[in-house]
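Worksheet: one structure, shown below.
Note that the structure is predicted; figures quoted are calculated from it, not measured.
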Amino acid sequence: MKQHGVEVLELLMTNEIIKQEAEAQKVEVTDEELDAEYKEYAEFYGGEEALLESLKSFNMTKDDIVNDIKTYLLTVKLIQKDITLTDEEIQAYYEENKEKFTTDDGEQLAFEDAKEEVKAVLLEERIDAEYGSWLDEKFEQYDVKTYLNN
């Protein structure tokens with residue numbers, strides 16, 4: 001409790017707020033979305049077996065990581081609903097970051113060929129940037145109080 005109590009409590013409250021907000025806004029994660037994201041996690045770790053082995057070192061199970069992934073996907077969907085990207089913003093981001101958008105051979109991708117990838121990267125950056133303020137707003141909206149000292 002002394003070492004991680006506040007962080008664990010905040011995580012539990014955050015997860016509950018996300019769950020309630022998703023229910024209120026009728027936002028859901030499909031099994032297909034969940035499976036695809038889980039496969040990406042497994043691939044990052046070198047396969048499902050390696051992922052599950054890694055989870056053991058944190059006393060986590062496959063169900064734990066699947067629940068975490070679901071919460072993450074719900075969060076993305078909730079925040080993403082309020083983000084609008086214009087073609088001009090996407091074009092400007094591409095121009096500022098052209099070197100990031102290349103073929104496997106290292107050749108520069110034309111804007112039209114990179115547009116969807118640029119949009120995805122920009123959207124992810126916006127979601128990351130807005131997460132903290134979105135969560136603060138929800139903590140205030142739900143009138144969350146911990147009464148614990150940090």
[X], [atom1] atom: more than 12 neighbouring heavy atoms under 6.0 Å:
X: Tyr45; atom1: OH; answer: no
X: Glu124; atom1: CD; answer: no
X: Gln141; atom1: CD; answer: yes
X: Glu49; atom1: CD; answer: no

- prompt: Cation-pi between Lys100 and Tyr93: NZ/CZ under 6.0 Å from ring centre and within 45° of the ring axis?
  reply: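 No.
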Establish whether [X] and [Y] are linked, either directly or via other cluster members, by ILVMFWY side-chain heavy-atom contacts under 4.5 Å.
X: Leu85; Y: Phe101; result: yes
X: Val8; Y: Phe139; result: no
X: Ile83; Y: Tyr131; result: yes
X: Leu12; Y: Met60; result: no
X: Met13; Y: Tyr72; result: yes

How far does [atom1] of [X] sit from [atom2] of [Y], to the nearest 0.5 angstrom?
X: Thr30; Y: Leu73; atom1: OG1; atom2: CG; answer: 8.5 Å
X: Asp113; Y: Thr103; atom1: CG; atom2: OG1; answer: 10.0 Å
X: Ile17; Y: Thr71; atom1: CD1; atom2: OG1; answer: 12.5 Å
X: Ile79; Y: Lys138; atom1: CD1; atom2: NZ; answer: 9.5 Å
X: Ile65; Y: Leu52; atom1: CD1; atom2: CG; answer: 9.5 Å
X: Leu122; Y: Lys119; atom1: CG; atom2: NZ; answer: 10.0 Å

Answer whether the closest heavy-atom distance between the side chains of [X] and [Y] falls below 4.5 Å.
X: Leu109; Y: Glu117; result: yes
X: Lys115; Y: Asp87; result: yes
X: Phe111; Y: Ile90; result: yes
X: Lys19; Y: Leu74; result: no

Report yes or no: does [X] contribute a side-chain atom to a donor-acceptor pair with the main-chain N or O of [Y] at less than 3.5 Å?
X: Glu89; Y: Thr86; result: yes
X: Thr14; Y: Glu10; result: yes
X: Gln108; Y: Lys98; result: yes

message: Do Tyr142 and Glu16 pair up side chain to side chain, a donor and an acceptor below 3.5 Å, judged on atom types alone?
response: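 Tyr142 vs Glu16: no donor-acceptor pair found between side chains.
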- prompt: Minimum heavy-atom separation for Tyr38 to Leu51, with atom names?
  reply: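 For Tyr38 versus Leu51, the nearest heavy atoms are CE1-CD2, 3.7 Å.
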message: I need the minimum non-hydrogen distance between Leu78 and Asp82, along with the two atoms involved.
response: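 Smallest heavy-atom distance, with atoms named: O-OD2, 4.3 Å.
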query: Would Val27 and Lys81 satisfy side-chain contact (heavy atoms from CB on, under 4.5 Å), going step by step from the backbone distance to the final call?
result: CA-CA 10 Å; Val27 172; Lys81 290 173 66 173; 4.0 Å; yes
query: Testing Glu21, Glu28, Glu33 for salt bridge (charged side-chain N to carboxylate O under 4.0 Å, His left out) with Lys77, which one passes?
result: Glu33
message: So, applying side-chain hydrogen bond (donor to acceptor under 3.5 Å, both in side chains) with Thr61, which one of Asp64, Asn59, Asp63 is it?
response: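 The option that passes is Asp64.
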message: Less than 4.0 angstrom from a charged side-chain N to a carboxylate O is my criterion; do Lys26 and Glu23 meet it?
response: no
